[in-house]
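Below, chain A is the first sequence line, B the second, and so on; all start at residue 1.
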There are 2 protein chains.
Amino acid sequence: MGITRSDIFTDYQNEMAALAKVLGHPARVAILQHLFKINACVCGDLVDEIGLAQPTISQHLKELKNLGLIKGTIDGTRVCYCIDKENWTKMKSKFSQFLDQDLDSVKECC
Amino acid sequence: MGITRSDIFTDYQNEMAALAKVLGHPARVAILQHLFKINACVCGDLVDEIGLAQPTISQHLKELKNLGLIKGTIDGTRVCYCIDKENWTKMKSKFSQFLDQDLDSVKECC
DNA sequence: TATAATTATCGTAATATTGCAATTAAACGA
DNA sequence: TCGTTTAATTGCAATATTACGATAATTATA
């Protein structure tokens, strides 16, 4: 049905999935990489840098902003985007918690 | 168009996104959590544990297997799934590389 | 061999995502 | 004020994802 049955999962599972999902597109990975490299930039720069149309970039920026990974400030006719450091740190610890599950005690079945 | 233009991105960006994407569904997060807890289990257990239909679980298992995060061994009429430790470690370092980009030198724009 | 148990696959329906052209909105500068 | 610049929004088309019923395939068991 294309609809995720989030009602049957825990909050943790849904939040973890939502975070992973927003990283699950190469354009958004590229945007975040560029913001780390450049510190801050405007939408138009990303259009040039990445090579997708302006509305497409704008849409990806919106998703990143909705999850809190970036923030934007209006600067005249432009909008300056940058990494939201506080939320990035929170995301990192959420991922760490998931990825660093105890692998040593895992027994492979085969 | 619903089709990701992976041609314009780097291999790194595409691989990073593919890994994140497979974690981007709560059912797959739940499956992985359960495998960590139980070490190994069969599809039917996951159907009971998670509460989605058997074909749906089977499909999610397939995606996890395609990315290499789990592996399955045929055991009679059942298939025993478990975490692929080697690939899990590889994924972890890929995520670390991305998530641990130098945050200290990032200047927020606003 | 026939039946049961288990998982994968197929087919399909519903929804989501991706991408862009066209347009709108907002703020600046001549 | 009027045009210019920049980004967001709208509307739409194409593709992808999610979910499940039905079925097939495989192996064990009676």
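With contacts defined as side-chain heavy-atom distances shorter than 4.5 Å, the pair A:Thr4/B:His25 qualifies. Side chains of A:Asn39 and A:Cys82 form no contact here, defined as non-hydrogen atoms less than 4.5 Å apart. By the 4.5 Å heavy-atom criterion applied to side chains, B:Leu69 and B:Met91 are counted as neighbours.
Neither OP1 nor OP2 of C:dA26 sits under 4.0 Å from any side-chain N or O of A:Arg78. Residue A:Thr77 places none of its side-chain N or O atoms closer than 4.0 Å to OP1 or OP2 of C:dC28. In terms of phosphate contacts, B:Lys21 brings a side-chain nitrogen or oxygen within less than 4.0 Å of OP1 or OP2 of D:dT17. Between D:dT17 and B:His60, no contact under 4.0 Å exists linking OP1 or OP2 to a side-chain N or O. Within the structure, a side-chain polar atom (N or O) of B:Lys62 is placed less than 4.0 Å from OP1 or OP2 of C:dT9. Within the structure, every side-chain polar atom (N or O) of B:Tyr81 is placed at least 4.0 Å from both OP1 and OP2 of C:dT6.
Atom CD of A:Glu49 and atom CD1 of A:Ile38 lie 7.0 Å apart (nearest 0.5 Å).
In this structure, A:Leu52 reaches the sugar-phosphate backbone alone: every heavy-atom distance under 4.0 Å involves primed, P, OP1 or OP2 atoms, never a base. Residue B:Lys65 is out of contact with every strand shown, counting any heavy-atom pair closer than 4.0 Å. Within 4.0 Å (heavy atoms only), B:Thr4 reaches sugar-phosphate atoms of the nucleic acid but no base atom. When heavy atoms are screened at a 4.0 angstrom cut-off, A:Ser58 is found touching base atoms of the nucleic acid.
The CG atom of A:Asp48 sits 10 Å away from the P atom of D:dT6 (whole-angstrom rounding). The interatomic distance linking B:His25 (NE2) with C:dT17 (P) rounds to 11 Å, in whole Å. Rounding to whole angstrom units, CD1 of residue B:Ile74 and P of D:dA28 are separated by 10 Å. If you take CD1 of A:Ile3 and P of D:dC20, they are 11 Å apart, rounded to a whole angstrom. Atom-to-atom, CG of B:Asp75 to P of D:dT29 comes out at 11 Å; the value is rounded to the nearest Å. The CD1-P distance, from B:Ile57 to D:dG21, rounds to 13 Å in whole Å. Protein atom CD of A:Gln54 is 15 Å distant from nucleotide atom P of C:dA25, rounded to whole Å. Rounded to whole Å, atom P of D:dT5 lies 16 Å from atom CG of A:Asp45.
Below the 3.5 angstrom threshold, one finds no donor paired with an acceptor across the side chain of A:Gln59 and the base of D:dA8.
Position along DNA chain D of the nearest nucleotide to B:Glu63 versus A:Cys43 favours A:Cys43 as the more 5'-ward residue. Taking the nucleotide of DNA chain C with the nearest heavy atom to each of A:Gly24 and B:Val79, the more 5' of the two is matched to B:Val79.
Set against C:dG19, D:dA19, D:dC20, the side chain of A:Thr56 has C:dG19 as its closest nucleotide. Nearest nucleotide to the side chain of A:Arg5, out of D:dA19, D:dG21, C:dT7: D:dA19.
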Stepwise, does the side-chain hydrogen bond (donor to acceptor under 3.5 Å, both in side chains) test hold for B:Thr56 with B:Gln59? CA-CA 5 Å; B:Thr56 308; B:Gln59 200 171 269; over 6 Å; no
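Using a 4.0 Å cut-off between a side-chain N of Lys or Arg and a carboxylate O of Asp or Glu, A:Glu108 and B:Lys85 do not qualify as a salt bridge.
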